[in-house]
Protein chains: 4
Amino acid sequence: MEETIEQWMQDLLKLDSAGAKMTEKQIKILQSAIEVFAEKGYAASSTNEIAQRAGVAEGTIFRHYKTKKDLLLSIVAPAMTKLIAPFVLRGFNKVLDTQYASYDQLIRSMIENRIEFLKKHKNILKILIQEIPFHPELQESFQRDVLAKVLERLSKLVAQFQAQGTIIELPTATVVRLTVSTIVGYVLVRSFYGERPGAEWDDEREREETIAFIMRGLGVS
Amino acid sequence: MEETIEQWMQDLLKLDSAGAKMTEKQIKILQSAIEVFAEKGYAASSTNEIAQRAGVAEGTIFRHYKTKKDLLLSIVAPAMTKLIAPFVLRGFNKVLDTQYASYDQLIRSMIENRIEFLKKHKNILKILIQEIPFHPELQESFQRDVLAKVLERLSKLVAQFQAQGTIIELPTATVVRLTVSTIVGYVLVRSFYGERPGAEWDDEREREETIAFIMRGLGVS
Amino acid sequence: MEETIEQWMQDLLKLDSAGAKMTEKQIKILQSAIEVFAEKGYAASSTNEIAQRAGVAEGTIFRHYKTKKDLLLSIVAPAMTKLIAPFVLRGFNKVLDTQYASYDQLIRSMIENRIEFLKKHKNILKILIQEIPFHPELQESFQRDVLAKVLERLSKLVAQFQAQGTIIELPTATVVRLTVSTIVGYVLVRSFYGERPGAEWDDEREREETIAFIMRGLGVS
Amino acid sequence: MEETIEQWMQDLLKLDSAGAKMTEKQIKILQSAIEVFAEKGYAASSTNEIAQRAGVAEGTIFRHYKTKKDLLLSIVAPAMTKLIAPFVLRGFNKVLDTQYASYDQLIRSMIENRIEFLKKHKNILKILIQEIPFHPELQESFQRDVLAKVLERLSKLVAQFQAQGTIIELPTATVVRLTVSTIVGYVLVRSFYGERPGAEWDDEREREETIAFIMRGLGVS
DNA sequence: AATGAATGAGACTTCATTCAT
DNA sequence: CATGAATGAAGTCTCATTCAT
């Protein structure tokens, strides 16, 4: 856990809005805030608890973040612009360049790379998903910095495969929707059932069946 | 909107835990609570605002519901046991009995019936989805009263179609997962893009393509 | 002291902005707030101390006054519009009507009536004077509701005496200024020196000399 | 403005309680403190804002002044002992020596010299007046170092004129009171009305009428 | 049943002050 | 000397909940 956030901090450190280095306590505060927000939700989290978990005085939080909401935004906003969109898209340039890859390989790499990512950033993603509905500014930013970018890139990829004649001629948006919702469904169910001890979940098989399902649905024989 | 909740109230009225009739004020309180909870989230909602919107004194809320959490549960718990599971399953008995229906007709009817339902109970569903992660007792109840029931029924249906030889021989849980996640994806995207004025969303076509996608993925030719 | 404020409360009661009756606790809160504000100044007063002196919970203050500043304004604003201007002007209509009074009698009655008033409302006046410089909205209100009204009325009175030929032909504003500053000086010094035990302050004489000074300065022999 | 304070600093520099030279930062701190205290009042001023305006770290303030109150006193106390009393009295020795001056010339010179002074030290005077009521030690010091000295000197002057037979035989304290309150009234009104653009304030005339008023009130024809 | 004034615990936030660097 | 991160006490304010009417 520590390492996970450490690493994510490294990402953020280079990008701190003011460009300033963070003190150790500041990092602790962010870590605790992410934990607590994910656990209880933003509104039900108290700055007091965040401070305690971080081992700092409550006042220290407000030296670094003017308000509690500021603290939320300083976690969520960079997560969107610097973390999620880049990560989702990472590796796709390669695919765009090489003409060889097939659609099922694309999907397979999407899944494989991202599973790890999701586990690592589970808390931040949970916060993101929970809070977006209640903060219009986050909605806007999500729409602009994540959704739009991801969709545009995926659409291009899909168009390329359609040009190759390897996948079906539907509107690219529709192809993307069908693909993504199937994958998301797989990932969600997996994270529920797949990680319980003693659950009957043959991950290898489920994944391959999922990909095969998509390929039957979208591929051109 | 009023009518919607009115109608839902009728459902609840027969089922009030104590079996007692609700006063007009009590109904107003529930209506307002649903509104406010959906708008701001449970933790960020104040009983004061709920009382104001309901046009009652703050004390009145606590005459009917011992605590704020009680108020939440009195909305969400019956919604799960009396509303959602029954509604999702409604109409399936018919399918189970008649041997005629094909899988794509099943899916089509699932979609068509439920779209209206979702619109009507949007607020309650939003509360449900938002709050489940933070209330273990809700999770349990959801698991037991909704998920388990729905899955069991759907599994039987799927098994029936598999016995007919009209859909593919995968674990029923897998078939259900692939079907449901595709449909949920359709419904979500639809509710985002499909209801904006001027959006390019040909609902008829998207729905049919979605069903066709599932059938190619799961059907036996 | 209690009675003083009681009486002032009576004035305010009829005039509560919302027209609502005040509860006993609300009155206690106002009393304590006036005391504490006068003693320590608005900024250095804590709502905690006000609550303690009033014998209420701190939260109770904020049920009646949304913010601490609200509490200040609910004391000071009506004090200006409903108390000070009317009181300063009280009795002048009579003078305006009867042609008999002489300027020195006017001054004498101004002093005699007002001394009591000042003692009674000392605290509120202290707050007023202390806080006006820091609250632009108070400045404006003071200018409009007190200064302008008082000056207009006094100017008319002075003009009347000038028409009678009993006081000197200077701009009325100048006459008012000279008169008022002399009286204010008398009252201030009096309240400093005159009420210390053992002070050499022959109030009767000082007052008469002050009036005589003004009459020599402004009267027409 | 800068120069004003610079100049006042020069006065203070020679007189720093410890006799030590002030660093540039120390001077900046004092300047900012005077500004902020005058603007918002002592209690509502934050050391943080003072530090920011002074361009120093917050800690630096406390290296020079043990507490915030220390900072206030280091402005106000020397202002009283080294600035105000001396200035008010400046030039009076000459009058005491030469037997020629008349009372109206004394008043005129008091006004003319002091107007400039008031403008220059407006902020410090504002702080003084605002804070004296809340700090008993300031009251005492003001009484002892300013009031007593000024009154004593003025009393001697008045006595001298009375001996000359040029002003009326009242208690000297009374003469001083009447004179000073009239002048203060003039100065205050002047600073309100006289410096607004477009105000109808003929300063020359008002001043002369004020002096004439005093002379009629106190002079012996 | 309904009210709404009152409560007090606890929320967020500010701020003077300290101290290691 | 200067810094600024850190502190924790205290401040203002919110809110679920109670209770006399």
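Convention: sequence-line order gives letters A, B, ...; per-chain numbering from 1.
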D:Q26 CD - F:dC1 C1' separation (whole Å): 11 Å

NZ or CZ of B:K68 within 45° of B:Y42 ring axis and under 6.0 Å: yes

Nearest-Å distance for atom pair CD/C1', residues A:Q52 and E:dC12: 15 Å

Below 4.0 Å: OP1/OP2 of E:dA16 and any side-chain N or O of D:K66: no

Residue whose nearest DNA chain F nucleotide is more 5′ - C:S46 or B:N48: C:S46

Interatomic distance, D:E49 CD vs F:dG4 P [rounded to whole Å]: 18 Å

Pairing partner of E:dC15 (Watson-Crick or G-U wobble, both distances under 3.5 Å): F:dG8

Non-hydrogen atoms of D:I75 and D:A33 that approach each other most closely: CD1-CB, 3.7 Å

Nucleotide nearest D:E58 (side chain, heavy atoms from C-beta), chosen from E:dT7, F:dT17, E:dA16: E:dA16

C:F62, nearest nucleotide to its side chain (from F:dT18, F:dT12, E:dA11): F:dT12

Nearest-nucleotide 5' precedence on DNA chain F, B:S45 against C:A43: C:A43

Nucleotide F:dC15, atom C1' - distance to CD1 of B:I50 in whole Å: 12 Å

Integer-rounded Å distance: E:dT17 C1' and D:D70 CG: 13 Å

E:dT21 pairs with, by Watson-Crick or G-U criteria that keep both distances under 3.5 Å: F:dA2

side-chain N/O B:K68 vs F:dA16 OP1/OP2, d < 4.0 Å: yes

Length of the line joining A:Y65:OH and F:dA6:P, which is rounded to integer Å: 11 Å

B:R53 and B:E49 ion-paired at < 4.0 Å: yes

Closest heavy-atom pair and its distance - D:H64, D:I29: CD2-CD1, 4.1 Å

Closest to the C:R63 side chain, choosing from E:dA5, F:dA2, E:dT17: E:dA5

Under 4.0 angstrom between D:T60 side-chain N/O and F:dT3 OP1 or OP2: yes

Atom pair distance, as rounded to whole Å: NZ in A:K28 and P in F:dT7: 12 Å

D:S32 side chain to D:K28 backbone, donor-acceptor under 3.5 Å: yes

Any D:K25 side-chain N or O less than 4.0 Å from OP1/OP2 of F:dT3: yes

Among E:dG4, F:dA6, F:dT18, the nucleotide that comes nearest once only the side chain of B:A57 is considered: E:dG4

Counter-base of E:dA1, judged by Watson-Crick or G-U geometry with both distances under 3.5 Å: none

Distance below 4.0 Å between D:H64 side-chain N/O and F:dC1 OP1 or OP2: no

Phosphate OP1/OP2 of E:dA6: any C:T23 side-chain N/O under 4.0 Å: yes

Length of the CZ-P vector between D:F37 and E:dC15, whole Å: 13 Å

A:K69 side chain to A:H135 side chain, donor-acceptor N/O pair below 3.5 angstrom: yes

Residue-phosphate contact under 4.0 Å: C:T47 side-chain N/O, F:dT12 OP1/OP2: yes

